[in-house]
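In this chain, numbering begins with 1 at the start of the sequence shown. Quantities reported herein were computed from a predicted structural model and do not represent experimental measurements.
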Amino acid sequence: MSWILDETVLPDLARGAALLGTGGGGDPYIGRLLVQQAIRENGPITVLDPQEESELPDEAFVVPTAMMGAPTVMVEKIPRGTEAVVALRTLEAHLGRRAEATMPIECGGINSMMPLLVGARTGLPVVDADGMGRAFPELQMETFSVYGVSGSPMVVASDREETVLIDTGADDVRMERCSRAIAIQFGGAALIAEYSMTGADVRRTAIPHTMSMSLGAGRAIREARESHSDPVDALTEFFATTVYENVRTLFTGKVGDVERRTTGGFARGHADLRGHDGSHLRLSFQNEHLVAVLDGEVVCVVPDLICVLDEQTGEPITTEGMRWGQRVVVVAISTPPIMRTPEALAVFGPRAFGLDRDFTPVEQLVPGPTLAPA
C-alpha cells in the first residue's frame, strides 16, 4: 500500500539509511536537510509499494535518480538541490518519454534521499525499492544490472547544471568508468539519472521495501535509545522480520588508526580498532565497508553489511566520519537471497573488489541465535 512521507519521518529514515549504507552512500544529514526544505516548499511525497500492480502498473516508466562520487567530497561539496531534476529531465528529453515515478539505486546515506528530493520538487511518486539493498561504490553493482536492466542511457549533471549523456549499450561496467571520469571532472561528485525501466522490471529486479526498512531500522535505534535499551538488540529483533534476517555483533571497542584517501573517485582505506578485551578488528573500505577481519580471521565480507555504530547512542558512523577514539559497536547484517545468487556475487561479491576469497554468509562465519521471523 502506498504511503505519504513528510518531514517528521526524515530523521528516522536518514538514520536507517545510514545503517544500510554500510558506512557509505554519502552523508545522510545533508540529504535529509535538502529533502526537508523541498517538502516544506512543495508538500509531502507519495511512496509506492512496488509489489502492488494497481500502484505501479507493469507499463509504468520509472527512472531512478542518485548521487555518485566519493563521500569525502560530499562533506564539503554540498549539492545545490536542483541537479538530480536536471539529470532526470535531460534523460526524459533524450528518451522522448516522461517518468511516472523515480526510485533509489541504493538505500544508503544521501542516495536514499536524492529520489525523495526529486519527488518533492517534481511531484513524482517514489518507489519503495532499490537496486543494491545497501550501498556499493560502482554503478554496475545493481540487482537491476544483474537481472537484465541496462543502466544506459544515463545522464550526469554537475552543480553548474552541466549535463553529459552516456550510452554504452548493455556494458554497465563501461558506463561506470565513463561516468566516474565525468564526475571527477565535475569536482568529485555529481547527480545522475539511469537504469530507466518499467514497473514489471522493478518487480523482477529490485529489492522491495528498502525505504520502509530504513525507516523501521532508524526508528528501532531511536526508540531503543529513548527507552535506555540496547540498539543492537532492537535491530536484531527488527531485521528478523525482514529479508535481511540475521544480525551479528562482531566487535565492541575503540577506533584507532584510520587511513583514508580519495582516489579515482572513491574514498579508499582501512580502520584499525582495538577491543575492550584486547582484540583487533581491521575494516577495509571502498566508500563502503568491504571486509571485517578480527584477529586475523574474516568475520564478514561483502555483500553482507558491515555497520559501525556509536556505542552509546547507536547512531551509524560513516567511513568518512570515523575518527580516532570513537567508542563503537560493529555489527553485521545478512543480505537478502536476491543478492547472494552466483550471478549477483559475480558483480558485487568479494572478488569483484579484488579480494582473494569467495563469499561466505555472515551467519556461517559468526554462528549465533537468530530470532525466528514473525
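With 3.5 Å as the limit, one finds no donor-acceptor pair spanning the side chains of S158 and E83. Defined by atom type and a distance below 3.5 Å, a donor-acceptor pair is present between the side-chain atoms of D201 and T198. A donor-acceptor contact closer than 3.5 angstrom links the side chains of T65 and T102. For the residue pair D257 / H270, no side-chain donor-acceptor distance below 3.5 Å is found, with atom types taken as modelled. T168 and S152 share a donor-acceptor pair across their side chains, judged by distance under 3.5 Å alone.
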Run the salt bridge (Lys or Arg N to Asp or Glu O under 4.0 Å) check on E315 and R225 step by step: do they pass? CA-CA 10 Å; E315 288 292 319; R225 182 167 63 236; 2.9 Å; yes
Residue pair E176, R174: steps toward the salt bridge (Lys or Arg N to Asp or Glu O under 4.0 Å) verdict: CA-CA 5 Å; E176 153 65 30; R174 178 73 173 161; over 6 Å; no
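Taking the side chain as every heavy atom from C-beta outward, V156 and T163 never approach each other to under 4.5 Å. When side chains are defined from C-beta on, F285 does not count as touching V302, because their heavy atoms never get closer than 4.5 Å. Two residues are said to be in side-chain contact when any heavy atoms from C-beta on lie closer than 4.5 Å; L56 and D49 fail this criterion. The side-chain heavy atoms of L283 and L273, taken from C-beta on, include a pair separated by under 4.5 Å.
In the displayed structure, R203 atom CZ is contacted under 6.0 Å by more than 12 heavy atoms of other residues, nucleotides or ligands. Within a 6.0 Å sphere centred on CZ of R160, other residues, nucleotides and ligands contribute 12 heavy atoms or fewer.
Between R222 and D12, at least one side-chain nitrogen of the basic residue sits less than 4.0 Å from a carboxylate oxygen of the acidic one, meeting the salt-bridge criterion. Ion pairing of E7 with R32 is absent here, as no side-chain N (NZ or NE/NH1/NH2) approaches a carboxylate O to less than 4.0 Å.
The aromatic rings of F239 and Y244 sit tilted relative to each other, their planes meeting at an angle between 30° and 60°.
Hydrophobic clustering (side-chain heavy atoms under 4.5 Å, transitive across Ile, Leu, Val, Met, Phe, Trp, Tyr) groups V329 together with L19.
Within the structure, salt bridge (Lys or Arg N to Asp or Glu O under 4.0 Å) contacts touching residues 113-141 (residues at least two apart or in different chains) are E138-R177. Judged as a salt bridge (Lys or Arg N to Asp or Glu O under 4.0 Å), the pairs with a partner in residues 298-312 (not counting sequence neighbours) are, in order, D304-R340.
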